[in-house]
Amino acid sequence: MARKKLAMIGAGMIGGTLGHLSVLKGLGDVVLYDVVEGMPQGKALDLLESGPIEGFDASVTGTNDMADIKGADVCIVTAGLPRRPGMSRDDLLATNVKIMQSIAEGIRDNAPDSFVIVITNPLDAMVTTMKKVTGFAKNMVVGQAGVLDSSRYRTFVAMELGVSVESVSAIVLGGHGDDMVPVRSLCHVGGVPIDKLIPAARLEEIENRTRNGGGEIVGLLKTASAFYAPAAAAIRMAEAYLLDKKEILPCAALLEGEYGVDGFFVGVPVQIGAGGIEKIVEVDLTDSERKMFDESVSHVRELVDASEKLLSA
Ligand code: APR
């Protein structure tokens, strides 16, 4: 059986890490695509030369030609600018929406059967642009945000309690902005509800740290934004698709009535398997979580409206 093919669209900090994780996990052949000449080729060659040490035989190539992603089973998109200190994700909109439009055309023309995972920020608007321009079915276009945000929430809860991260289950829903919704009522540690273990005021601080998780890293790195955890999150989603795991993960998916939202990509739990997004899972939220979710969705709406104006300009 031929190996699967993964195309990383954007070979920067996240793109390179995506390639590395893919070969280490044996997911398939990797193509790194970027607009910068030489860089994707150099990273690909460096990765390839780790094969004898790590024991993988996957092909790893770098390119500046979209035609080389032909036949890709999965495309993971990070092309665009990252944040700098003081910037919100929304500040990236004008630049990244144009980049996303051209990338989406390239994917539509060269990898029409691929499962597309978008990471570029502002995520909710970028994944909407990807869906519109490709015209792909809604089950084949997904945004990565919730897996990362939930992982940050789990990390901070585990640190607070001194327990394994694997004992903490948590999800973060809504848009991938500062108003994302860490769902306190669904956060458990070894089956025990989180509000029985951490006082409300401290939980509030942990949830705010989660909301600002990306900004905290940008503030420390100064010239880059987070890349290890975002890449790990997208690879988890790609793995669920390629291995038909039917795993339920919080992702930005196009809602058509679920959660009372129609026509917008919003972070909700979805089942990912060989059919892409196979199901949207509706969870119960408390009244205050529901209110936060609705506020987050109205922000997504504003962002998408702004991106549509930029696209038609
Ligand atoms: N076509 C292809 N690649 C492009 C294009 C384009 N039109 N425009 C920019 N790129 C490439 C850049 O050359 C760069 O190598 O996208 C890459 C982005 O990589 P980084 O700048 O290292 O950014 P990264 O940290 O990987 O983040 C990428 O993901 O999480 C989001 O906010 C983040 O929007 C940012 C994206």
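Start at 1 and go down the list; that is how both ligands and their atoms are numbered. Treat the numbers as computed from the prediction; the structure is a model and nothing was measured. Numbering of residues begins at 1 and proceeds along the displayed sequence.
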Under 4.0 Å from any heavy atom of [X], which atoms of ligand 1 are there?
X: Y33; result: 1 (N), 2 (C)
X: I103; result: 1 (N), 2 (C)
X: N96; result: 34 (O)
X: M39; result: 15 (O)
X: V36; result: 13 (O)
X: L81; result: 34 (O), 35 (C)

Look at ligand 1 and say whether R89 reaches it with a heavy atom at a distance under 4.0 Å. no
Quiz item: Applying a strict 4.0 Å limit to heavy atoms, is P230 in contact with ligand 1?
Solution: no
Closest candidate by heavy atom, reference [atom], pool [options]:
atom: atom 21 (O) of ligand 1; options: A234, G214, P82; answer: P82
atom: atom 17 (C) of ligand 1; options: D34, T223, L221; answer: D34
atom: atom 22 (O) of ligand 1; options: M87, M100, M13; answer: M13
atom: atom 16 (O) of ligand 1; options: G12, P122, G80; answer: G80

Taking the side chain as everything from C-beta on, heavy atoms only, tell me whether [X] gets closer than 4.5 Å to [Y].
X: E239; Y: E247; result: no
X: V142; Y: V116; result: no
X: L81; Y: N121; result: no

Can you pull out the closest protein heavy atom to [atom]? Residue, atom name and distance to 0.1 Å, please.
atom: atom 27 (O) of ligand 1; value: I14 CD1, 3.6 Å
atom: atom 5 (C) of ligand 1; value: V35 CG1, 3.7 Å
atom: atom 32 (O) of ligand 1; value: N121 ND2, 3.0 Å
atom: atom 36 (C) of ligand 1; value: T78 O, 3.4 Å

Exercise for the section: Return the orientation label for the F115 and Y241 ring planes: parallel under 30°, perpendicular over 60°, tilted otherwise. Expected result: parallel
Worksheet entry | K138/E256 salt bridge by N-O under 4.0 Å criterion | yes
For this session: Using a strict cut-off of less than 4.0 Å between a Lys/Arg side-chain nitrogen and an Asp/Glu carboxylate oxygen, indicate whether R209 and E216 qualify as a salt bridge.
Result: yes
If I compare all heavy atoms of [X] with all of [Y], which pair ends up nearest, and what's the gap?
X: P269; Y: I171; result: CG-CD1, 4.1 Å
X: A238; Y: L6; result: CB-CD2, 4.5 Å
X: R211; Y: M180; result: NE-O, 3.1 Å

At under 4.0 Å between heavy atoms, what of I99 touches ligand 1? The answer is side chain
* To do: Show your reasoning for whether side-chain hydrogen bond (donor to acceptor under 3.5 Å, both in side chains) applies to Y259 and E282.
  => CA-CA 7 Å; Y259 289 89; E282 296 204 57; 5.7 Å; no
- So, S296 side chain and M292 main chain: donor-acceptor pair closer than 3.5 Å or not? no
